[in-house]
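To find a chain, count down the sequence lines: A is the first, B the second, and so on, and within it residues start at 1. Values below: every heavy atom of this structure, side chains too, minus hydrogens, waters and symmetry copies.
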2 protein chains.
Amino acid sequence: MPNEIFLTMSISMLNTALEARVQAFEAQVNLSRHDIKVLMHLTEPKRMGALAEDLQVLPSTLTAVADRLEQNGLLQRTRDRQDRRAWLLEVTDAGSTLQARARAMATEGFRTLTGLDTAEIETFVNLMQKAMNNMTAESCLVEVKP
Amino acid sequence: MPNEIFLTMSISMLNTALEARVQAFEAQVNLSRHDIKVLMHLTEPKRMGALAEDLQVLPSTLTAVADRLEQNGLLQRTRDRQDRRAWLLEVTDAGSTLQARARAMATEGFRTLTGLDTAEIETFVNLMQKAMNNMTAESCLVEVKP
DNA sequence: AAAAAATGTTTCATTTAGCGAACTAAATTC
DNA sequence: GAATTTAGTTCGCTAAATGAAACATTTTTT
């Protein structure tokens, strides 16, 4: 099996396992794992469109998610002063608290699941940083559009 | 941001991007990307239950997928001689051909998307091998069950 | 040996998540 | 100023997954 295929399949399986581990947390915070994932991507205030791009979904997909997170007091929508069509999504204090809990859980989960040590994790980070840079700089993502 | 969080998010984004690249192929072969993913996991004959475990879904999820792949002549179901309740899924010649095409496409896609060179890919494989071994040996996957 | 429990897969109703066209309002282009 | 494009929402639709129940078979218990 070519290395790239092994990696593609392994990445998928690891991703699935990491997402599955969010299951217990879902019940605790009354959010779906997709909602949690969206919240975790809000490391800074972002426009709906930019967030959709990050997550590679259509903006219409995020409307309901933003509604739920807003209703749960975890984020707030504010108009972008530079373009009154646009909304900025910003995490609230409650949202930050939840993000911190989710990060702690995910950090521990990642280690438990993969069994990688600190040096290996740093190597992994270097590889993924290069991959992420390549994905964005080269604009070789498949653009999500209708 | 802790390394583990960066990795968790990057793995998710890379996985999404890899899956998105299957889109053109879907139209060519008249299968959904989920069907293609299931087919690609059949590197050897497997039981429905084992395949479900690999993919971390319930067996009921795979019934319709197996139906479509069988109807397309890409796999066949045979009874497991060791347990007549169980079905073995085995890729047909046509299925192997499609797998080969998908592998070629995914191999090229992986390189293009990540920009990683051969040495980096080998490092990545070592890390992922350790992670996969840990995931299965430690039985620390969240068991998928109703 | 018979009965009970467990397992493997399917069926089918339900839920969830995403798409995509159409819409409104705002910005940009001509 | 008018036409075109963009940002996000609405809403109908589809696909994918769950999960309980059913059936057949196997395994375990009595």
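Checking A:Asp67 against A:Arg85, the closest nucleotide of DNA chain D that is more toward the 5' end is the one next to A:Arg85. Mapping B:Pro59 and A:Ser32 onto DNA chain C by nearest heavy atom places B:Pro59 at the nucleotide closer to the 5' end.
With distances taken from any side-chain atom of B:Trp87 to the nucleotides D:dA16, C:dG8, C:dT10, the minimum falls on C:dT10. Checking D:dT25, D:dA16, C:dA27 against every side-chain atom of B:His34, the shortest atom distance belongs to D:dA16.
Contact check, B:Thr61 against D:dA16: no side-chain N or O comes under 4.0 Å of OP1 or OP2. Between A:Arg77 and D:dT9 there is a side-chain polar atom (N or O) within less than 4.0 angstrom of OP1 or OP2. Taking side-chain N and O atoms only, A:Arg47 has no distance below 4.0 Å to OP1 or OP2 of D:dG8. In this model, the phosphate group of C:dC12 is not approached by any side-chain N or O of B:Ser60 to a distance below 4.0 Å at OP1 or OP2. Between B:Thr63 and C:dT10 there is a side-chain N or O to OP1 or OP2 distance below 4.0 Å. Side-chain N/O atoms of B:Arg68 include none lying less than 4.0 angstrom from OP1 or OP2 on D:dA15.
Under the 3.5 Å distance criterion, with hydrogens and angles disregarded, no donor-acceptor pair is assigned to the side chains of B:Arg103 and A:Thr8.
Judged by the 6.0 Å distance and 45° axis criteria, B:Arg79 is positioned over the aromatic ring of B:Trp87.
In this structure, A:Asp83 places its CG atom 10 Å from C1' of C:dA25, rounding to the nearest Å.
Going from atom OG1 of A:Thr123 over to atom CG of A:Asp117 covers 8.5 Å, rounded to the nearest 0.5 Å.
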